[in-house]
K.L.:
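Following this message is one structure expressed as structure tokens.
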Amino acid sequence: MSGNLYPPQFASSSRHLDQNLSNLHKCSDTRRLLQIHSQIFRLHLHTNPFIASKLIASYSLCLLPSSAAAVFNLVPDPTSHLFNTLIRAFAQNSLPSLSFNTFFRMQLSSVKADSFTYPFLLKSFSGSVHTIELIHAHVIKLGFLTDTFVPNSLIDSYSKAGESEAACKVFDEMPVRDLVSWNSVVAALVRAGDVSDARGVFDQMPERDTVSWNSMLDGYMKVGEMDAAFDLFSRMPVRNVVSWSTMVSGYCNKGDMEMARMLFDKMPVKNVVPWTIMISGYAGKGLDKEASSLMDQMEEAGLELDSGAAVSILTACAHSDLLGLGKRIHHKAKRRKLMFTTQISNALIDMYSKCGDLDEAWNIFEGMEDKDLVSWNSMVHALAMHGYGKKSLELFARMEEEGIIPDSFTFVGVLCACTQVGLIKQARRYFISMQKDYEIVPRIEHYGCLIDILGRGGLLMEAYNLAKSMPLEPNAIIWGSILNACRFHNNVGIAEKIIDELVSLEPSDAGNFGIISNIYAAAGKWDGLAKARLKMKDFDRHKLVGSRRIELNDNAHELAVEDRMHPQADRILRMLNRLGKYVEKLGYAAEVR
DNA sequence: CGTGATGACG
């Protein structure tokens with residue numbers, strides 16, 4: 001900042017402000033930002049476009065886009081830089097319509113868009129192919145493709161929207177390319193799963209930096225070519241945190257925790273990302289002791305949980321039923337005041353719901369100020385999965401009343417809710433309504449729900465015919481749910497029709513074997529049982545035992561079929577007996593096992 | 001431009 005920016009009468013206070021201003025554009029501490037802002041306001045410097053743009057950028061970082069807009073509106077003559085900053089602020093806070101609105105205001109005023117405007121605008125609409133194409137056509141007309149800045153971001157946007165061919169086309173037609181162009185197209189090919197094409201481009205590159213190598217590492221890791229990745233990793237000239245993290249992540253995803261840990265321990269420098277990868281890796285495999293102890297070590301190393309880490313670890317906890325670790329993350333997030341992002345709250349809702357604490361999931365949901373579609377979907381689904389079908393449908397109704405437009409995920413939850421209550425007619429209605437009213441093309445999950453509810457209701461032939469006639473290839477879950485229904489309704493005929501299909505999809509699944517043997521045993525067809533056993537060629541004895549981990553009062557318990565090893569096995573079995581008697585009294589007929 | 005990142009059928 002130059003000194004002549006301030007009116008002379010404020011010269012004495014300006015030095016103090018100078019220091020604040022130099023880092024203002026990346027101030028993420030809301031309280032400090034408000035202090036500086038009021039200081040700026042007192043000095044009447046808020047009308048200066050340069051200072052205003054720093055305030056806008058900081059308000060964006062503090063997740064306060066409306067304050068950013070307020071700052072903008074007080075500047076009498078906004079520059080293109082100021083417009084760009086606001087467009088970026090809205091983009092960063094996932095407010096694409098406001099981003100576009102600002103662009104529109106820019107067009108209406110006499111300020112010209114520049115090569116910074118379009119990349120920000122594109123970021124805002126990541127995922128919407130149609131909008132990207134519109135912006136693309138627009139920048140062609142304005143001649144912005146002669147530089148590399150705009151086309152590079154077009155490559156990235158197309159690629160992230162799943163249009164790798166369009167991304168490659170932009171690259172092919174570029175008159176000049178820089179390193180970022182090459183890197184972007186390699187990343188685009190990797191994202192699309194074309195690792196060999198990516199390698200082809202990589203080999204042609206006039207020069208490579210660490211980013212180029214890292215993209216290739218990731219590509220090989222994603223398709224499971226660990227040796228090729230490791231080979232590149234050992235040959236690359238410079239390895240940074242991202243290179244190491246990519247390797248650790250790759251081995252974690254493969255389930256090779258030893259290799260992942262070995263590389264993790266060898267890393268010369270670690271930031272919060274590799275810690276997160278390793279902790280989530282352990283948590284995702286259900287290794288809560290390892291995950292928890294790494295969590296401690298991370299803090300001892302002086303690193304704190306950030307929002308990415310919280311979301312990532314919570315998701316892993318939800319996947320593996322790690323309520324204890326999930327709660328720990330919750331408390332840490334609260335202490336670090338990370339609670340206020342929608343994404344973390346959503347991850348918490350799902351974690352508590354999947355780990356069995358529906359009440360806590362509900363508390364989080366009700367306490368949220370800004371619920372988004374994911375929040376509603378998670379809660380609708382949570383209620384359905386916990387057996388509260390009616391409450392789930394009520395929540396869906398409330399959602400519609402509040403004007404939230406449901407999506408594909410919503411209707412999976414809604415159809416699950418119908419299953420819980422046995423509402424076949426309702427389920428059919430929702431299945432039609434989602435297509436007619438919301439233009440949602442049913443996915444395999446929707447067919448799965450509908451087929452499941454038909455089967456449970458005894459409409460086995462209809463369920464079977466729907467599986468056969470639907471426009472998607474049925475998967476193991478679909479056949480499994482019909483098979484389950486066959487067992488429940490003692491229907492050997494339809495069961496036999498689908499055994500072959502199911503076994504070819506999941507040859508070694510113990511659950512399927514159990515169901516099939518139950519059906520044959522119930523019908524007294526012991527030769528059929530033998531046949532089913534033979535069909536399961538790769539049958540894995542260890543998988544026969546279905547086990548389940550639960551957490552009670554912070555102790556983990558492993559329960560398995562035919563298991564008497566648990567310290568309180570007698571009490572558990574007595575309780576099960578009592579429950580069995582209780583439900584029999586209520587008219588439930590126990591299955592023959 | 002590259003690493004962790006919320007929701008779906010048994």
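Lettering of chains follows the sequences in order, A, B, ..., and the numbering in each one begins at 1. These figures come from a predicted structure and were not determined experimentally.
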K.L.:
Heavy atoms only, 4.0 Å cut-off, all strands: where does N271(A) land among base, sugar-phosphate and nothing?
P.N.:
nothing
K.L.:
Do the rings of W479(A) and Y464(A) sit parallel, tilted or perpendicular, given the 30° and 60° boundaries?
P.N.:
tilted
K.L.:
Using only modelled atom types and a 3.5 angstrom limit, is any donor from either the side chain of T315(A) or the base of dA5(B) paired with an acceptor on the other?
P.N.:
no
K.L.:
Assess the pair W275(A) and F264(A): is the distance between their ring centroids shorter than 6.0 Å?
P.N.:
yes
K.L.:
Give the nucleotide from the list dT3(B), dC1(B), dC9(B) with an atom nearest to the side chain of M385(A).
P.N.:
dC9(B)
K.L.:
When you measure from the side chain of I444(A), which nucleotide among dC9(B), dG2(B), dG10(B) comes out closest?
P.N.:
dC9(B)
K.L.:
What's L373(A) touching, base or sugar-phosphate or nothing? Going by heavy atoms closer than 4.0 Å.
P.N.:
base
K.L.:
If you check the D350(A) side chain, which of dC1(B), dA8(B), dT3(B) turns out closest?
P.N.:
dA8(B)
K.L.:
Remember a base hit wins even if backbone is also touched, and classify T246(A) as base, sugar-phosphate or nothing at under 4.0 Å, heavy atoms.
P.N.:
sugar-phosphate
K.L.:
Which nucleotide in the set dC9(B), dG2(B), dC1(B) lies at the smallest distance from any side-chain heavy atom of N214(A)?
P.N.:
dG2(B)
K.L.:
Measure from the side chain of D209(A), starting at C-beta and using heavy atoms only, and say which of dG10(B), dC1(B), dT6(B) lies closest.
P.N.:
dC1(B)
K.L.:
Which of the following nucleotides, dT6(B), dG10(B), dC1(B), is nearest to the side chain of A187(A)?
P.N.:
dC1(B)
K.L.:
Can you classify the ring geometry of F144(A) versus Y118(A) as parallel (below 30°), tilted (30 to 60°) or perpendicular (above 60°)?
P.N.:
tilted
K.L.:
Any side-chain to backbone donor/acceptor pair from S184(A) onto V180(A)? Under 3.5 Å, distance only.
P.N.:
yes
K.L.:
Under 4.0 Å between any heavy atoms, over every strand shown, what does S375(A) touch: base, sugar-phosphate, or nothing? Just pick one.
P.N.:
nothing
K.L.:
Out of dA8(B), dT3(B), dG10(B), which nucleotide sits closest to the side chain of D218(A)?
P.N.:
dT3(B)
K.L.:
Does dA8(B) have OP1 or OP2 sitting under 4.0 Å from an N or O in the side chain of K354(A)?
P.N.:
yes
K.L.:
S249(A) side chain: which of dT6(B), dA8(B), dT3(B) is closest?
P.N.:
dT3(B)
K.L.:
Please classify the nucleic acid contact of S184(A) as base, sugar-phosphate, or nothing, using heavy-atom distances under 4.0 Å.
P.N.:
sugar-phosphate
K.L.:
Below the 4.0 Å mark, does dG2(B) have OP1 or OP2 next to a side-chain nitrogen or oxygen of R191(A)?
P.N.:
yes
K.L.:
Contact class for S245(A) vs. all strands (heavy atom < 4.0 Å): base, sugar-phosphate, or nothing?
P.N.:
base
K.L.:
Output the single nucleotide from dT6(B), dG10(B), dG2(B) whose closest atom is nearest the side chain of V374(A).
P.N.:
dT6(B)
K.L.:
Which part of the nucleic acid does N152(A) contact within heavy-atom distance under 4.0 Å: base, sugar-phosphate only, or nothing?
P.N.:
nothing
K.L.:
Between K371(A) and dT6(B), does any side-chain N or O lie under 4.0 Å from OP1 or OP2?
P.N.:
no
K.L.:
Between N214(A) and M236(A), is any pair of side-chain heavy atoms under 4.5 Å apart?
P.N.:
yes
K.L.:
What's V248(A) touching, base or sugar-phosphate or nothing? Going by heavy atoms closer than 4.0 Å.
P.N.:
nothing
K.L.:
Evaluate the criterion ring-ring contact (aromatic ring centres under 6.0 Å, His included) for residue pair Y438(A) and Y430(A); output intermediate values, then yes/no.
P.N.:
CA-CA 11 Å; Y438(A) 297 104; Y430(A) 282 124; over 10 Å; no
K.L.:
Measuring from the side chain of I477(A) (C-beta onward, heavy atoms only), which nucleotide among dC9(B), dG2(B), dC1(B) has the closest atom?
P.N.:
dC9(B)
